[in-house]
2 protein chains.
Amino acid sequence: MDKPPRPSRKEVFLNYKIWLSSLTGHGQIENDTYQLLEIIDSKGTLRAAAEDAGMSYRKAWGKITSAEDILGYPLLEKHRGGKNGGNSTLTPASHKLLEAYRALQQRFDDSIEEAFNDFVKNLNKQSE
Amino acid sequence: MDKPPRPSRKEVFLNYKIWLSSLTGHGQIENDTYQLLEIIDSKGTLRAAAEDAGMSYRKAWGKITSAEDILGYPLLEKHRGGKNGGNSTLTPASHKLLEAYRALQQRFDDSIEEAFNDFVKNLNKQSE
DNA sequence: TTTCGTTATGTTTACAAAATCATATCGAAT
DNA sequence: ATTCGATATGATTTTGTAAACATAACGAAA
């Protein structure tokens with residue numbers, strides 16, 4: 001026998017976002033900033049990292065300085081001038097931030113998955 | 001003896017947000033929508049609920065229809081006309097959604113609090 | 001059959017956020 | 001001293017989102 005027609009349900013997705021902010025709420029440090037830091041770490045310059053990440057230098061620079069403002073300490077040792085124009089390297093605090101963030105993100109991913117499974121189970125319960 | 005001066009660290013806050021979306025990504029169902037549903041449930045009309053929630057009727061209506069679009073089924077039984085102008089009541093599916101969401105939120109809050117603490121602990125580790 | 005308060009929705013305006021543009025500064029190497 | 005490529009930053013333009021405005025439709029009750 002055929003199942004009776006049900007209200008057409010669409011597939012839904014559970015999303016999340018985490019970010020750091022200061023008390024003032026001006027600006028936030030989120031995923032793209034951490035990514036940027038990682039690329040700077042491998043490329044050696046903010047400019048190259050910006051291009052690599054598909055954003056303008058202006059934007060990338062803004063993200064870094066904004067993050068530094070929020071935290072109250074520098075994330076990059078910036079050098080300018082010289083034959084190669086300059087370069088940027090991550091500070092120790094920056095490396096530590098990155099590491100801590102990645103661990104946090106992993107845990108979020110895990111608990112989101114669990115929680116969402118239960119959520120869907122709840123929704124479908126006693127519907128059939 | 002005085003503590004040596006340290007790089008001035010500001011207090012930072014970790015924020016997060018969860019929401020439901022469809023495959024298309026158009027629109028999202030987040031906390032304020034669930035709140036709205038709860039108020040409708042107690043007030044009886046979308047209009048009264050909107051005012052109570054401090055948003056325009058237009059906005060509240062948009063949130064509800066957007067949520068319905070994402071889910072693919074109605075959240076409200078809307079009646080218009082009549083002496084009292086009309087009213088709205090939650091569908092059974094709507095009640096179930098609310099319940100499931102609240103459970104999700106609770107779970108999430110719990111498991112995330114730990115993660116936050118560990119994050120801060122990581123950041124401060126080996127700094128002194 | 002008029003009324004009244006609600007649901008329903010297109011249109012326009014205002015504002016905020018983001019992208020783009022323009023330009024200055026720096027300093028090791030040549 | 002000049003050059004060159006990166007850092008540094010103000011100013012302008014564009015765009016996208018949210019709020020505000022306006023107006024129609026509905027139907028039970030009087």
Side-chain angles (χ1 to χ4, degrees), chain A residues 15 17 19 21-22 24-33 35-37 39-70 73-91 94, chain B residues 15 17 19 21-22 24-33 35-37 39-70 73-91 94:
Chain A
N15 314 273
K17 176 185 150 180
W19 71 97
S21 68
S22 68
T24 68
H26 289 300
Q28 47 194 58
I29 308 175
E30 49 182 308
N31 202 260
D32 55 1
T33 303
Q35 278 179 246
L36 195 56
L37 285 175
I39 305 180
I40 295 170
D41 199 32
S42 72
K43 294 274 175 180
T45 73
L46 179 52
R47 175 151 250 113
E51 186 180 10
D52 207 75
M55 65 177 87
S56 68
Y57 172 83
R58 185 67 178 80
K59 180 175 178 179
W61 179 83
K63 283 189 179 294
I64 296 296
T65 57
S66 164
E68 291 177 331
D69 283 350
I70 291 169
Y73 55 84
L75 293 173
L76 296 181
E77 260 179 38
K78 301 147 200 158
H79 307 280
R80 57 181 183 176
K83 177 192 178 185
N84 298 100
N87 68 86
S88 296
T89 62
L90 303 213
T91 61
S94 186
Chain B
N15 315 274
K17 176 184 147 182
W19 71 96
S21 70
S22 67
T24 69
H26 289 300
Q28 48 195 56
I29 309 176
E30 49 184 309
N31 202 262
D32 55 2
T33 303
Q35 279 179 246
L36 196 56
L37 285 175
I39 305 181
I40 295 170
D41 199 32
S42 72
K43 293 274 176 179
T45 74
L46 178 54
R47 176 151 249 115
E51 186 181 10
D52 206 76
M55 66 176 84
S56 68
Y57 171 83
R58 186 66 178 81
K59 181 175 178 180
W61 180 84
K63 282 189 179 296
I64 295 297
T65 56
S66 164
E68 290 176 333
D69 282 350
I70 290 170
Y73 54 86
L75 292 173
L76 295 182
E77 260 179 39
K78 301 146 200 157
H79 307 281
R80 59 180 182 175
K83 177 192 178 184
N84 299 100
N87 67 86
S88 295
T89 62
L90 304 213
T91 62
S94 186

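A note on names: the letters A, B, ... follow the listed sequences, proteins ahead of strands, and every chain is numbered from 1. Worth knowing before you read on, the calculation uses all heavy atoms, side chains too, and leaves out hydrogens, waters and symmetry mates.
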* So how far is it from A:D41 CG to A:L36 CG, rounded to the nearest 0.5 Å? ->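 If we round to the nearest 0.5 Å, A:D41:CG and A:L36:CG are 11.5 Å apart.
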
Cut-off 3.5 Å, no hydrogens considered: what does the side-chain donor-acceptor table look like for residues 50-57 of chain A, sequence neighbours left out?
{"residue": "A:D52", "atom": "OD1", "partner": "A:K43", "partner atom": "NZ", "Å": "3.4"}
{"residue": "A:S56", "atom": "OG", "partner": "A:K59", "partner atom": "N", "Å": "3.1"}

* **Residue pair B:L76 / B:L90, side-chain heavy-atom distance below 4.5 Å** =>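 B:L76 reaches B:L90 side chain to side chain.
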
Calculate the interatomic distance between [X] atom [atom1] and [N] atom [atom2]; express it in whole Å.
X	N	atom1	atom2	value
A:Q28	C:dA17	CD	P	10 Å
A:H79	C:dT25	NE2	C1'	16 Å
A:K78	D:dG5	NZ	P	23 Å
B:L76	C:dA8	CG	C1'	13 Å
B:E77	C:dT6	CD	P	19 Å
B:W61	D:dA20	CH2	P	18 Å
B:M55	D:dA18	CE	C1'	12 Å
A:D69	D:dT9	CG	P	10 Å

* **Candidate nucleotides D:dA25, C:dC21, C:dT9, ranked by approach to the side chain of B:R58 - the nearest** =>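 Nearest listed nucleotide: C:dT9.
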
* **Which nucleotide in D:dA29, C:dA8, D:dA8 has an atom nearest any side-chain atom of B:K83** =>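 It is D:dA29.
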
* To do: Please confirm whether the backbone N or O of B:W19 pairs with a side-chain atom of B:E30, one donor and one acceptor, at under 3.5 Å?
  =>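 Looks like no, no N/O pair under 3.5 Å.
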
* Asked: Counting only N and O atoms by type, is there a donor-acceptor contact under 3.5 Å from the side chain of A:T33 to the main-chain atoms of A:K63?
  ->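 Judged by distance alone, no pair lies under 3.5 Å.
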
* Should B:K59 be listed as having a side-chain N or O under 4.0 Å from OP1 or OP2 of D:dA19? ->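 Looking at the OP1 and OP2 atoms of D:dA19, one of them is under 4.0 Å from a side-chain N or O of B:K59.
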
At 4.0 Å (heavy atoms only), tell me whether [X] reaches a base, stays on the sugar-phosphate, or touches nothing.
X	result
A:G86	sugar-phosphate
A:T45	sugar-phosphate
B:S88	sugar-phosphate

* Asked: 5'-most contact on DNA chain C: B:N84 or A:R80, nearest heavy atom basis?
  ->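 Going by which nucleotide is closer to the 5' end, it is B:N84.
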
* **Closest-nucleotide 5' rank along DNA chain D - winner of A:A48 and A:G82** =>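 Going by which nucleotide is closer to the 5' end, it is A:G82.
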
* **Residue mapping more 5' on DNA chain D - nearest nucleotide basis, B:G85 or A:G81** =>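 It is A:G81 whose nearest nucleotide is closer to the 5' end.
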
